[in-house]
Amino acid sequence: MKRVRRAPVTTVRSRLDITGVVQGVGFRPAVARIADAHGVGGFVYNDSGSVRCEFEGAPAAVEAAVAELRDAPPPMARIDALRVTAIAPSGAAGFAIVASSSTGSARTLIPPDVATCADCLREMTDPADRRHQHPFITCTNCGPRYTVITDLPYDRPATTMAGFAMCARCADEYRDPRDRRFHAQTIACPDCGPRLTWVGPGDGRDPIAAAAALIESGGIVAVKGIGGYHLACRADDDAVLARLRRRKSRPAKPFAVMARDLSAARCLGEVDAAAARLLTSPAAPIVLVPRKDGALSGLVAPGLLDLGVMLAYAPIHHLLFGRLGAISGMVMTSANAGGSPIAFRDEHLSWIAGLADGALVHDRPIHVPCEDSVLTVDDRGAVVPLRRSRGYAPLPVSVPGLTAGAAPEILATGGDVKTTFCLMADDGRAHLSPHLGDMSDPRTQQSFTEALDHLVRMTGRRPALLACDLHPGYATTRWAQRRGQPFTQVQHHHAHAVALLAEHGRLDDPMLAVTYDGTGYGTDGTVWGGEFLALTEPSRFTRVGHLRPFALPGGEGAVRQPARIALDLLARAGIAWSDDLASVAAVGAAGRHVLAQQIPRGLGCVPTTSMGRLYDAVSSLLGVCQEVTYEGQAAIELEHLARSGGGDATEVAFEVRDGVLDPVRVISGLVDGLRAGVPTADLAAAFHDAVIAATVAVAAERARATGIPTIGLTGGVFTNRRLLSGVREGLQHLGFEVLIHHVVPCNDGGLALGQAVVAATRRRFFDEGSG
């Protein structure tokens with residue numbers, strides 16, 4: 001019998017180096033399951049900067065395993081690069097997860113905190129499951145990450161779970177490649193995990209029940225969550241909300257409402273498909289939606305048509321709702337007062353003393369705080385970020401166009417309100433901190449420094465150059481100057497414009513930027529805020545248009561009392577200060593007497609071109625808002641009034657000449673309308689239409705004059721959706737490409753990204769120029 005000669009079985013081995021968000025997201029267990037499914041051997045481990053693995057087996061099997069890993073990584077993972085190298089087979093059988101290595105200088109990306117997954121929720125609500133009602137249920141696909149990681153590589157000893165020894169059953173799950181908690185570093189159960197404690201009325205033997213009972217009866221409870229403490233209370237009770245506002249010294253700023261689920265959220269507001277996708281995403285942000293009448297107390301968001309709603313995202317939230325009976329939504333606001341940062345350590349409870357009637361606390365430390373993110377959806381269903389924080393930070397924004405190594409590592413300190421810093425690596429990745437608060441508060445400065453130290457440690461990036469705002473009075477500017485390192489100052493609106501270019505990856509493209517905000521220190525030493533900037537390269541700009549200057553009588557005092565600004569504009573329009581005008585009445589006789597001395601002489605009057613301050617003045621003139629108690633209040637309330645009005649009731653228009661928008665005719669038209677009895681909602685709409693028409697006209701004319709086909713809309717005033725959509729549509733109708741923000745906020749929360757990129761491109765420019 002003739003022997004058949006068989007072809008030898010070919011075995012190959014491939015080494016994979018994977019970077020991105022690949023630690024703390026169940027990546028190694030996923031690799032092990034993929035290897036098992038395809039029958040390949042090898043190993044996988046973490047190092048400081050990546051996941052490394054080797055696959056060995058038949059060529060087709062190894063190729064299939066690599067393809068599945070690339071195309072279907074774990075839900076929380078983000079692969080930035082996957083490099084495959086062929087190496088010699090070793091002949092070893094089986095696949096193993098091996099010990100992590102801390103060698104090398106590269107650092108992996110830190111995953112953000114995300115909402116509890118559906119699998120964990122099912123277990124938590126299953127009476128037969130051993131984690132039934134467990135407040136700290138988590139797995140490789142969900143839960144805290146950024147706020148509990150203390151070092152890399154990401155293993156349990158490098159988290160705030162290090163003090164909780166796994167019980168035998170958790171250890172078995174941790175070691176089982178078939179289990180969802182295989183190598184889940186935050187694994188815990190009622191036998192070995194953190195513990196809840198109740199501080200307040202009652203015996204506290206059931207902390208969740210005690211907290212729910214107090215909330216249900218009209219109390220305010222401090223709840224320690226994933227990124228810090230919230231204050232929770234009923235959202236349908238005027239008395240408790242009035243008490244919360246008094247305690248927080250927050251008379252009008254809207255509160256966010258947490259709903260038990262999507263169905264409950266739809267009972268509170270108009271949740272369309274785009275908003276629903278955001279609400280139910282792993283990031284679980286606050287989303288602004290049109291509110292439904294009668295669903296909640298009017299004190300949740302006084303004077304506004306929108307509601308900031310989020311879904312329960314942590315186990316403790318779901319457990320509270322489980323005990324709250326018919327209550328489907330509760331106010332869930334950061335536990336702080338004024339512009340202070342969110343309390344996140346147990347010793348910080350002294351910061352909120354007197355605010356809450358009880359506290360639901362736990363013993364899992366929060367290493368760094370993280371506020372909730374806030375998003376909205378534009379008229380085309382696209383995401384517009386208002387605050388980029390939990391669920392997104394500290395993931396970096398990649399900035400194409402910055403060549404690796406072209407600039408030193410940079411720290412940009414951002415602005416003073418909505419403070420967010422940016423740590424720009426020399427590879428063009430911009431690591432943005434969560435929202436930190438108002439930098440004028442010393443506690444925010446402490447949180448800033450702690451969050452920076454943490455991010456420097458996590459990224460291995462130590463900044464050699466600082467970038468800060470041009471404003472000499474900003475706390476972030478003074479912080480940079482005190483560091484004793486080289487620093488560069490970036491004009492406020494220049495930074496806004498470059499942040500927009502950076503998030504779109506368009507650094508090498510010219511852009512005409514319309515930058516509308518409240519306060520930005522100009523290169524001439526005055527307060528800017530209604531600017532048209534031409535950028536042919538990111539390191540420099542030319543101011544090609546602006547709002548005609550008017551005055552802020554009393555400086556910052558006029559920001560809080562916008563009637564002062566209105567009286568300055570009335571004087572410029574030649575309109576007498578008569579008591580039939582709301583602004584004049586708001587100032588009163590004594591105030592009018594002082595302003596009559598100040599304004600003609602310019603005494604104590606700060607000149608400004610701010611579109612935000614013009615909105616404030618018009619809000620006062622129309623009787624909408626006379627006292628500003630939170631940033632943007634007057635302008636926001638004016639926008640919401642305009643939604644119910646029609647804009648054709650009266651002649652309201654800017655005079656436009658040589659790129660300058662003069663508001664005097666607008667003021668005259670509004671006064672004529674008021675005296676003719678035109679509804680204020682119609683006048684508010686007419687004002688918006690006038691701003692839109694003038695902005696489109698000037699932006700189009702200036703762009704054509706400079707030969708720039710792309711126009712960007714940035715600055716905090718463009719959080720106004722009526723303005724944003726109107727200007728965008730008008731410019732696109734004229735054939736321009738229009739860029740708006742979808743990654744970082746248009747307000748000062750995105751400022752640090754622009755500062756960092758300007759600093760990097762300035763360095764690149766100087767290096768190239770000196771070559």
Side-chain angles (χ1 to χ4, degrees), residues 19-27 51 73-80 107-117 120 138-154 158-161 184-186 225-228 230 277-287 310-315 317 334 342 344 364-375 383 385-398 420-423 425 429-436 447 450-452 454-459 461 503 742-745 749-750 752-753:
T19 58
V21 182
V22 291
Q23 293 188 25
V25 293
F27 206 92
V51 166
M76 288 177 63
R78 188 185 89 183
I79 295 177
D80 288 346
R107 308 286 273 179
T108 191
L109 299 181
I110 312 168
D113 299 332
V114 297
T116 307
C117 69
C120 283
T138 182
C139 69
T140 54
N141 296 326
C142 68
R145 295 296 188 273
Y146 168 68
T147 54
V148 300
I149 294 174
T150 61
D151 203 353
L152 293 174
Y154 175 63
T159 74
T160 61
M161 289 294 293
Q185 307 305 338
T186 53
I226 290 178
H230 285 96
R277 282 193 298 272
L278 288 175
L279 287 169
T280 57
S281 69
I286 298 169
V287 181
M310 59 179 158
L311 303 188
Y313 60 82
H317 302 147
S334 300
I342 187 171
F344 69 99
R364 182 180 67 199
I366 298 171
H367 189 60
V368 287
C370 194
E371 296 253 29
D372 297 312
S373 292
V374 183
L375 308 176
V383 175
L386 303 179
R387 185 164 78 192
R388 184 182 185 271
S389 202
R390 180 185 50 76
Y392 302 94
L395 291 179
V397 176
S398 294
T420 298
F421 66 76
C422 175
L423 189 59
R429 290 197 295 194
H431 300 265
L432 296 170
S433 76
H435 169 83
L436 296 169
S447 293
E450 291 175 352
L452 174 61
H454 179 243
L455 196 55
V456 165
R457 184 176 181 84
M458 293 300 99
T459 61
R461 308 292 187 176
E503 74 162 70
H742 295 300
V743 177
V744 299
L753 174 62

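Values reported hereafter were calculated over all heavy atoms of this structure, with side chains retained and with hydrogens, waters and symmetry mates removed. For the single chain, residues carry numbers from 1 onward in sequence order.
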| For the atom pair NE2 (H454) and OG1 (T459), what is the distance rounded to the nearest 0.5 Å? | 10.0 Å
| Can you check whether C139 reaches C117 side chain to side chain, under 4.5 Å on heavy atoms? | yes
| field | Non-hydrogen atoms of L278 and P285 that approach each other most closely | value | O-CD, 3.2 Å
| message | Which heavy atom of G143 sits nearest to which heavy atom of T138, and what is that distance? | response | CA-OG1, 3.7 Å
| Quick one: side chain to side chain donor-acceptor pair (under 3.5 Å) partners of S373, sequence neighbours excluded? | none
| Check: D113 side chain, G391 main-chain N or O, donor-acceptor pair, under 3.5 Å | no
| query | Can you check whether R364 reaches P144 side chain to side chain, under 4.5 Å on heavy atoms? | reply | yes
| remark: Taking every heavy atom of R457 against every heavy atom of D151, the minimum-distance pair comes out as NH2-OD2, 2.8 Å
| field | Spacing of CE belonging to M458 relative to OG1 belonging to T150, to within rounding of 0.5 Å | value | 6.5 Å
| request: Please check if the side chain of E371 supplies one atom and the backbone of H435 the other of a donor-acceptor pair under 3.5 Å. | output: no
| said: Is it the case that the side chain of T159 and the backbone of I149 share a donor-acceptor pair, with hydrogens and angles ignored and the cut-off at 3.5 Å? | reply: no
| Do the side chain of R390 and the main chain of A283 share a donor and acceptor less than 3.5 angstrom apart? | yes
| message | Quick check for you: to the nearest 0.5 Å, what is the distance between T420 atom OG1 and L432 atom CG? | response | 7.5 Å
| task | State, yes or no, whether a side-chain contact exists between L109 and R429 at a heavy-atom distance under 4.5 Å. | result | yes
| query | Is the closest side-chain heavy-atom distance between P434 and Y146 below 4.5 Å? | reply | yes
| message | Could you tell me if the side chain of V21 sits less than 4.5 Å from the side chain of M76, heavy atoms only? | response | no
| field | Considering all heavy atoms, the nearest A393-P112 contact | value | O-CB, 3.4 Å
| query | Looking at CD1 of I226 and OG1 of T147, how far apart are the two atoms once the value is rounded to the nearest 0.5 Å? | reply | 6.5 Å
| task | Using a 4.5 Å cut-off on heavy atoms from C-beta on, say whether the side chain of P74 contacts that of F27. | result | yes
| message | As an exercise, state the distance from CD1 of I286 to CG of L375, rounded to the nearest 0.5 Å. | response | 9.0 Å
| message | Has E503 got a side-chain atom pairing as donor or acceptor with H742's backbone, closer than 3.5 angstrom? | response | yes
| Roughly how far apart are I342 CD1 and L436 CG, rounded to 0.5 Å? | 11.5 Å
| task | Kindly indicate whether the side chain of L455, heavy atoms from C-beta on, has any atom under 4.5 Å from the side chain of I110. | result | yes
| note | side chain to side chain donor-acceptor pair (under 3.5 Å) filter on T116, not counting sequence neighbours, yields none
| Is there a donor-acceptor pair under 3.5 Å between the side chain of R388 and the backbone N or O of P745? | no
| message | Closer than 3.5 angstrom, by distance alone: can the side chain of T160 be matched with the main-chain N or O of H367 as a donor-acceptor pair? | response | no
| query | Would a 4.5 Å heavy-atom cut-off, applied to side chains only, mark M310 and V374 as touching? | reply | no
